[in-house]
*Asks:* 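Quick one: the structure is below, questions incoming.
Note on naming: letters A, B, ... go to the chains in the order of the sequence lines (proteins, then strands), and numbering restarts at 1 for each one.
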Amino acid sequence: MAKVRVRFAPSPTGELHIGGARTALFNYLFARKHDGVFILRIDDSDEERSRPEYVEGLMESLRWLGLDWDEGPYFQSQNLERYHRAANLLLENKKAYRCYCTPEELEAGREEARRKGEAYLYPGKCRNLTPEQEEKLRAAGRVPVVRLLTPDRGETVVEDLIRGSVRFDNALIDDFIIIKSSGLPTYNFASVVDDAQLEISHVIRAEEHLSNTPRQILCARALGCAIPSYAHLPMILAPDRSKLSKRHGATAVEEFREKGYLPEALVNYMCLLGWSPSLSGDEEILPLEEMIARFSLERVNKTAAIYDTEKLTWMNGHYLREGNLERITRLAVPFFAAKGLVSPNPGKEELGKLQKVVSLMRERAKTLSEMAEASSYFYSADYEYDPRGWEKHFSREGTGSLIDKIAGELEALPDFKPGTIEEAFARLAQETSLSLGRLIQPVRLSVSGRTGGPDFYELLSFLGREETVRRLRRTVQQLEGR
RNA sequence: GGCCCCUUCGUCUAAUCGGUUAGGACACCAGCCUUUCAAGCUGGCAGCAGGGGUUCGAAUCCCCUAGGGGUCACCA
């Protein structure tokens, strides 16, 4: 089998969203699986909508996800010469022709087709212009486009690795434009020229391109290029089943990053959208290596998948808990810094403390931002606790009395003088230069239903009072008659 | 509207050549654990879009209907 070469070819018209990221992921997985080459190409042939400033963001998102590419980025805007040569070749071979129809004229035809409820097809008006006629039109100030001369009969078959043979009637494909009057190539043409130049073996892209594929095959044939294998991935839809867009909330990779999602969680979640790793289907948490080892286009679904963040969030919590603590801590820094809890570039000591906080809080937070949100008590005395939480644990029958006993034990420690529970906590706080809020956090959040705080044991462990923890546990067990 | 693709729990999905009590995961509910919140463990709820065929037997093959999506640009 020839070398596998695949490409991810976004157009720089916005941020990398989850649909594009999934396409990139599948290309990446396929390339790695087959020991192939993953290429990044920027499809910026449209000067109107392409914005250079998006390119860096696109690459940054890809890097963050860990989808590093082997070649590129290549830019279509820097390959214009090649498209012109290819188009001229077609013109010479009479496989393409110049068309002088104005947009207004075309619009009229389109309008008519709409009225009749038909699809508009360019009628081929300029197919057989003589050089003299062309000269005249040019003299009249008309700037031509170049159209591909397409067959009127027969069919063009797309052999799709995911969908099988998809047949298109050539009679329904008109002589489409390959070079605009501006001299720039259209997508269908540029893409084919580039894929041939880069020797792309497999075109893996979203399903929305399926109906463009016969046009591209026609281009490739006219050019005499090899036709790559195609694989059209199912779409990713918003919860309301419509195409993903800004109004559906977080869809950009960058937004997930800002919300405190881990790249490995996003990648894991995305790979499950439209693909299933195993035959029994019970392993859903899988590291990148495993994804690569198991990946195959044959196991990609045909059905569009609805994207829904609940599972992603669950996965993120999993990776937060199971991940390497130092790494998670490092990734948490910007989130804690944003809350003013740590400095943006924390020193060793500050980082050490943060790591302790993270190790305590990652057991319950689902995202990094949620973790930072719930950790302010560790850094500030400026707090409020939920009175209902206080009441639940200190005033109510049963639980309250148990807590009282635990507090009694606390107070009996050499470091504590008799007093109320709150005072005991206050002393502990003072003594350890940690905020009272931090100590009361479990109370505060126990009722509000948000990310909970660490328990007393964890807090005491955090303070290095392992002996106290042991004594408390013993006491509680005795109290409960065990 | 034309063309193309698709249709298993609410969501992501499994079920190799037709024979399964249609499996798992997330979410939800309950129980256990527990000083709170989580986490963890156990259990539960919930699905083959509908209708015809073919067959001893269909989620699986064929047809029709319905529904969803994509695409019909001098956008990609």
*Asks:* Provide the Watson-Crick or G-U wobble partner of B/A25, both distances under 3.5 Å; none if there is no partner.
*Replies:* B/U11
*Asks:* Taking the side chain of A/Leu210 as heavy atoms from C-beta outward, which of B/G40, B/C4, B/C74 is closest to it?
*Replies:* B/C4
*Asks:* Round to a whole Å and report the spacing from CG of A/Asp308 to P of B/U13.
*Replies:* 12 Å
*Asks:* Rounding to a whole Å, what distance do you find between A/Leu237:CG and B/C5:P?
*Replies:* 18 Å
*Asks:* Scan A/Phe176 against the nucleic acid and name what it touches under 4.0 Å (heavy atoms): base, sugar-phosphate only, or nothing.
*Replies:* nothing
*Asks:* Kindly give the heavy-atom pair with the smallest separation between A/Val203 and A/Arg205, and that separation in Å.
*Replies:* CG1-NE, 3.5 Å
*Asks:* Take atom C1' in B/G50 and the same atom in B/A58, then report the distance between them in whole Å.
*Replies:* 16 Å
*Asks:* Is the CZ atom of A/Arg321 crowded by more than 12 outside heavy atoms at less than 6.0 Å?
*Replies:* yes
*Asks:* Report yes if at least one side-chain N or O of A/Arg110 is closer than 4.0 Å to OP1 or OP2 of B/C74; otherwise report no.
*Replies:* yes
*Asks:* Applying a 3.5 Å limit to both distances, which nucleotide forms a Watson-Crick or G-U wobble pair with B/G1?
*Replies:* B/C72
*Asks:* On RNA chain B, check which nucleotide each of A/Ser165 and A/Tyr187 is closest to and give me the residue with the more 5' one.
*Replies:* A/Ser165
*Asks:* Identify the heavy atoms of A/Glu264 and A/Tyr319 that sit nearest to each other, and give their distance.
*Replies:* CG-CD2, 3.5 Å
*Asks:* Between B/U42 and B/C63, how far apart are the two P atoms, rounded to whole Å?
*Replies:* 45 Å
*Asks:* Should A/Gln76 and A/Tyr187 count as side-chain neighbours, where that means a heavy-atom distance under 4.5 Å?
*Replies:* no
*Asks:* Should A/Tyr97 and A/Asp175 be marked as a side chain to side chain donor-acceptor pair (under 3.5 Å) after you check the CA-CA gap, both sets of side-chain angles, and the distance that decides it?
*Replies:* CA-CA 9 Å; A/Tyr97 59 91; A/Asp175 294 344; 2.6 Å; yes
*Asks:* Does A/Glu208 make a side-chain donor-acceptor contact with the base of B/G69, cut-off 3.5 Å?
*Replies:* no
*Asks:* Could you tell me how far B/C37 sits from B/G44 if I compare only their P atoms? Round to whole Å.
*Replies:* 25 Å
*Asks:* Are A/Arg299 and A/Phe295 in a cation-pi setup, meaning NZ or CZ lies under 6.0 angstrom from the ring centre and within 45 degrees of the ring axis?
*Replies:* no
*Asks:* For B/G31, what is the paired nucleotide under Watson-Crick or G-U wobble rules, both distances under 3.5 Å?
*Replies:* B/C41
*Asks:* It should be established whether A/Ser11 places a side-chain nitrogen or oxygen under 4.0 Å from OP1 or OP2 of nucleotide B/C75.
*Replies:* no
*Asks:* Does a donor on one side chain and an acceptor on the other come within less than 3.5 Å for A/Asp44 and A/Ser77?
*Replies:* yes
*Asks:* For the pair made of CD1 in A/Ile236 and P in B/G70, what is the distance, rounded to whole Å?
*Replies:* 13 Å
*Asks:* Rounded to whole angstroms, how far apart are CD1 on A/Ile306 and P on B/U13?
*Replies:* 9 Å
*Asks:* Choosing from B/C26, B/C74, B/U71, which nucleotide comes nearest the side chain of A/Trp314?
*Replies:* B/C26
*Asks:* Is A/Ser211 side chain donor-acceptor paired with the B/C3 base, going by distance under 3.5 Å alone?
*Replies:* no
*Asks:* Starting from P on B/A38, measure out to CG on A/Leu360 and report it in whole angstrom.
*Replies:* 16 Å
*Asks:* Between B/A59 and B/G19, how many Å separate the two P atoms, rounded to a whole number?
*Replies:* 9 Å
*Asks:* Can you check the distance between B/A27 and B/G69, where both ends of the measurement are the P atom (answer in whole Å)?
*Replies:* 28 Å
*Asks:* Give the nucleotide from the list B/C74, B/G69, B/C12 with an atom nearest to the side chain of A/Glu207.
*Replies:* B/G69
*Asks:* Expressed as a whole number of angstroms, how long is the span from A/Asp174:CG to B/C72:C1'?
*Replies:* 9 Å
*Asks:* Give one of base, sugar-phosphate or nothing for A/Val166, where a contact means two heavy atoms less than 4.0 Å apart.
*Replies:* sugar-phosphate
*Asks:* Does the side chain of A/Asn301 get closer than 4.0 angstrom to OP1 or OP2 of B/A14 through an N or O atom?
*Replies:* yes
*Asks:* If I take atom CD1 in residue A/Ile177 and atom P in nucleotide B/A76, what distance separates them, rounded to the nearest angstrom?
*Replies:* 11 Å
*Asks:* OH of A/Tyr120 versus C1' of B/U71: gap in Å, rounded?
*Replies:* 17 Å
*Asks:* For A/Lys366 and B/C26, is the shortest distance between a side-chain N/O and OP1 or OP2 below 4.0 Å?
*Replies:* no
*Asks:* Mind checking if A/Thr303 touches a base, just sugar-phosphate, or nothing, with heavy atoms under 4.0 Å?
*Replies:* sugar-phosphate
*Asks:* What distance, rounded to whole Å, do you find between the two C1' atoms, one in B/A66 and one in B/A76?
*Replies:* 33 Å
*Asks:* With syn defined as a glycosidic angle within 90° of 0 and anti as everything else, classify B/C17.
*Replies:* syn
*Asks:* Indicate, with a heavy-atom threshold strictly under 4.0 Å, whether A/Cys271 touches base, sugar-phosphate, or nothing.
*Replies:* nothing
*Asks:* Can you check whether A/Lys302 has a side-chain N or O nearer than 4.0 Å to OP1 or OP2 of B/G69?
*Replies:* no
*Asks:* Side chain of A/Arg299 only, heavy atoms from C-beta on: which candidate in B/A15, B/C75, B/C4 is closest?
*Replies:* B/A15
*Asks:* Which nucleotide in the set B/A76, B/C74, B/A39 lies at the smallest distance from any side-chain heavy atom of A/Arg321?
*Replies:* B/A39
*Asks:* Side chain of A/Lys243: nearest nucleotide among B/A15, B/G70, B/A76?
*Replies:* B/G70
*Asks:* What I want to check is whether an N or O donor and acceptor connect the side chain of A/Arg163 with the base of B/C5 at under 3.5 Å.
*Replies:* no
*Asks:* Hey, does A/Gly317 reach any base, or is it just sugar-phosphate, or nothing, if we go heavy atoms under 4.0 Å?
*Replies:* nothing
*Asks:* Using atom C1' in both nucleotides, what's the gap between B/A46 and B/G10 to the nearest angstrom?
*Replies:* 9 Å
*Asks:* Please work out if A/Asn188 contacts a base, only the sugar-phosphate, or nothing of the nucleic acid, heavy-atom cut-off 4.0 Å.
*Replies:* nothing
*Asks:* Report the base-pairing partner of B/A58 (Watson-Crick or G-U wobble, both distances below 3.5 angstrom), or none.
*Replies:* none
*Asks:* Find which nucleotide of RNA chain B each of A/Leu172 and A/Leu312 is nearest to by heavy atoms, and output the residue with the more 5' nucleotide.
*Replies:* A/Leu172
*Asks:* Should the pair A/Trp314 and A/His318 be assigned to parallel (<30°), tilted (30 to 60°) or perpendicular (>60°) ring geometry?
*Replies:* tilted
*Asks:* At under 4.0 Å between heavy atoms, what does A/His209 touch on the DNA or RNA strands: base, sugar-phosphate, or nothing?
*Replies:* base
*Asks:* Check whether any side-chain N or O of A/Arg167 sits under 4.0 Å from OP1 or OP2 of B/C5, and answer yes or no.
*Replies:* no
*Asks:* Before accepting this row, confirm whether a basic side-chain N of the pair A/Arg167/A/Asp169 lies closer than 4.0 Å to the acidic partner's carboxylate O.
*Replies:* no
*Asks:* Has A/Arg362 got a side-chain N or O lying under 4.0 Å from the OP1 or OP2 atom of B/A39?
*Replies:* no
*Asks:* If you measure from the C1' atom in B/C9 to the same atom in B/U21, how many Å do you get, rounded?
*Replies:* 16 Å
